[in-house]
Amino acid sequence: MSGEPRLGLEVHQNKFLAEGDRAMTAIVRVVSRGGEATVARTAAEILMIDCSSSMRFPSTKIGEARRAATAAIDVFPDGVRFAVIQGTDRAKLIYPAEDGLVTASERTRAEARAAVEHLAAVGGTAMGAWLAKARDLFAREPDAVRHAILLTDGRNDSQTRAELMSVLNSCEGRFVCDARGIGDGWEPAELVQIARVLRGNVDSVVEDDELAEDFRNLVESAMTKVLPEVRLRIGTMPFSRLRSVKQVFPDEYDLTDRCQEIAVREVELSLGSFAGDEARDYQVILDLDPDLEPSHGQDRQLAWTELVPVPGATVEEDALAIAGRWTHDPIPPTLIHPMISKYAAQADLGEALTAGGDAYAAGDQAGAERHWGRAATLAAAASDEDTLGRLAGVVEIIDAKKGVVRLRADATRSHALHVVIPSKVSEIASGQEDRPMPESRIEAPPVACADCPALSPAGANFCVGCGRPFDEVVS
């Protein structure tokens, strides 16, 4: 197998539109296949550890931060370029001693571990300064797959929000950053913004002693990346407009404002670094001109999408169309594309988690139980064990199916942040009311599925029972 990764593109949508429909939702999947980390460009890794005064309380917090940094350093493979930044109201490079990154080896890992043992908690918090330092260090590694981890327990109180945003804009596309909050004094919006702009993952750590394993996992995941950056291009027609672009898997981010206009009705979006075998889904919503004349009986291209060529990778697909077809049928059966249905349900879950967190913060116990009860029901229906596990930290789940929960007396703000943070990343719009139509008239014979007893309407793209694509369904 060739060591060069192959990039593919898929478009999943309901192309059918009823009279009067003026919006189209599609899921664009970007897939990386093949490729081996051994043939990747050099990997570069930077750890940014919050050492502000608040990290002294409780006393275990700075100790666990040191242990987490050590755990990350221990799994740096030989050859990886790395550095460690002590973050306060300024950014101090504590390893290596010289300004720059150093190559991982048995000797440099030991030196870095010794330097980390001297991390002390004193000073303020200026995350923008830490990120700017990482940006400048990464600039010396232009061909590397660049990844950073930022850990904080507090708010960005030594900088304005505008200053932080300015730094983030200068860092976008230059490296990926995973952000972690520890304790209960940090601000979710700040970490979400960092991870969103830098295409990383954001989460909280409830128990201090879980931090080391989390750091180890983040580094090991970063080491699988083989492409520093993949970019997606989206073009619209004179009668269509791009309403929004949101990453919906594996992390959820609204990326609409991160699109860069490169031509008339054409934008590009950085997707961050990719592993040799990885898939990500993006929700694209289009608004159509109200005066657009419907085209019946044939597909009309509403937009197109393609991957920008990437050095060191093969792009397998040419541009793919996002299409629409109008139908006269006034009362069609509802047939929702499985992927769009899945992400609409995911949006409902996120809203319930957020509403519960807002009620909890306001001291509204009944409201928190009501919203988190609904979240438990949605999570149980989706077999979402991760969300159910997070909810168990703030509520006792008495009956998930009925949404009956009771707030835990020992729940803390840290537990609540752990529940809410995944839903804060993006509020995924459910998009259009999906009403795909059969091409044939209602009297056409239904389609039988080979794998389940359900009968789908003639012209259906997917089985209404099990969701199998129509090309796997037999009459």
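Predicted model, so just to flag it, every value in this text is computed and none were measured.
Met223 places a side-chain heavy atom less than 4.5 Å from the side chain of Glu45. Taking 4.5 Å as the limit, some side-chain heavy atom of Tyr95 sits within range of a side-chain heavy atom of Thr108. Taking the side chain as every heavy atom from C-beta outward, Val167 and Met127 never approach each other to under 4.5 Å. Counting heavy atoms from C-beta on, the side chains of Val219 and Val80 never come closer than 4.5 Å. Within the 4.5 Å cutoff, the side chain of Glu351 has no heavy atoms near those of the Leu378 side chain. Between Met165 and Val197 there is a side-chain heavy-atom pair separated by less than 4.5 Å. The side-chain heavy atoms of Thr305 and Val284, taken from C-beta on, include no pair separated by under 4.5 Å. Side-chain contact between Arg22 and Asp287: absent, with no pair of heavy atoms (C-beta onward) separated by less than 4.5 Å.
Between Met48 and Cys177 the shortest heavy-atom distance is CE-SG, 3.9 Å. Contact between Thr236 and Leu242 at its shortest, heavy atoms only, is CG2-N, 3.9 Å. The two residues Val248 and Gln346 have their closest heavy-atom pair at O-NE2, 3.1 Å. Here the closest heavy-atom approach between residue Gly154 and residue Asp50 is recorded as N-OD2, 3.9 Å. The two atoms that bring Ala375 and Leu353 nearest to each other are CB-CD2, 3.7 Å, heavy atoms only. In terms of heavy-atom proximity, Ile49 sits nearest to Ala65 at CG2-CB, 4.0 Å.
Figure legend: Arg280 and Phe274 shown as a cation-pi pair, the cationic atom lying under 6.0 angstrom from the six-membered ring centre and within 45 degrees of its axis. Geometrically, Lys246 does not engage Tyr343 in a cation-pi contact defined by less than 6.0 Å to the ring centre and at most 45° from the axis.
Using modelled atom types and a 3.5 Å distance limit, the side chains of Thr314 and Glu4 yield a donor-acceptor pair. In the model, Arg258 has no side-chain atom that pairs as donor or acceptor with a side-chain atom of Gln247 under 3.5 Å.
In this structure, His418 contributes its side chain and Arg390 its backbone to no donor-acceptor pair below 3.5 Å. Without hydrogens or angle criteria, Thr256 side chain to Val245 main chain gives a donor-acceptor distance under 3.5 Å. Looking only at distances, no side-chain donor or acceptor of Ser105 sits under 3.5 Å from a matching main-chain atom of Asp78. The backbone N or O of Asn156 sits nowhere less than 3.5 Å from a side-chain atom of Gln159 that would complete a donor-acceptor pair. Checking side-chain atoms of Asn201 against main-chain N and O of Asp178 turns up no donor-acceptor pair under 3.5 Å. Looking only at distances, a side-chain donor or acceptor of Arg146 sits under 3.5 Å from a matching main-chain atom of Arg174. Thr25 contributes no side-chain N or O that, together with a main-chain N or O of Ile285, makes up a donor-acceptor pair within less than 3.5 Å. In this structure, Glu141 contributes its side chain and Ala44 its backbone to no donor-acceptor pair below 3.5 Å.
By the neighbour-count criterion of 12 heavy atoms within 6.0 Å, atom CG of Asp318 is sparsely surrounded, having that number or fewer from other residues, nucleotides or ligands. Residue Arg265 qualifies as enclosed at atom CZ: its count of foreign heavy atoms under 6.0 Å is above 12.
Contact check on Glu172 versus Arg199 returns a salt bridge, with a Lys/Arg side-chain nitrogen under 4.0 Å from an Asp/Glu carboxylate oxygen. Using a 4.0 Å cut-off between charged nitrogen and carboxylate oxygen, Arg140 and Asp99 count as a salt-bridge pair.
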Under the criterion side chain to side chain contact (heavy atoms under 4.5 Å, CB included), I'd like the reasoning laid out for Leu320 against Val28: C-alpha separation, chi angles, the key distance, then a yes or no.
CA-CA 10 Å; Leu320 297 181; Val28 176; over 6 Å; no
Working for side chain to side chain contact (heavy atoms under 4.5 Å, CB included), residues Ser52 and Asp153:
CA-CA 8 Å; Ser52 59; Asp153 78 326; 3.7 Å; yes
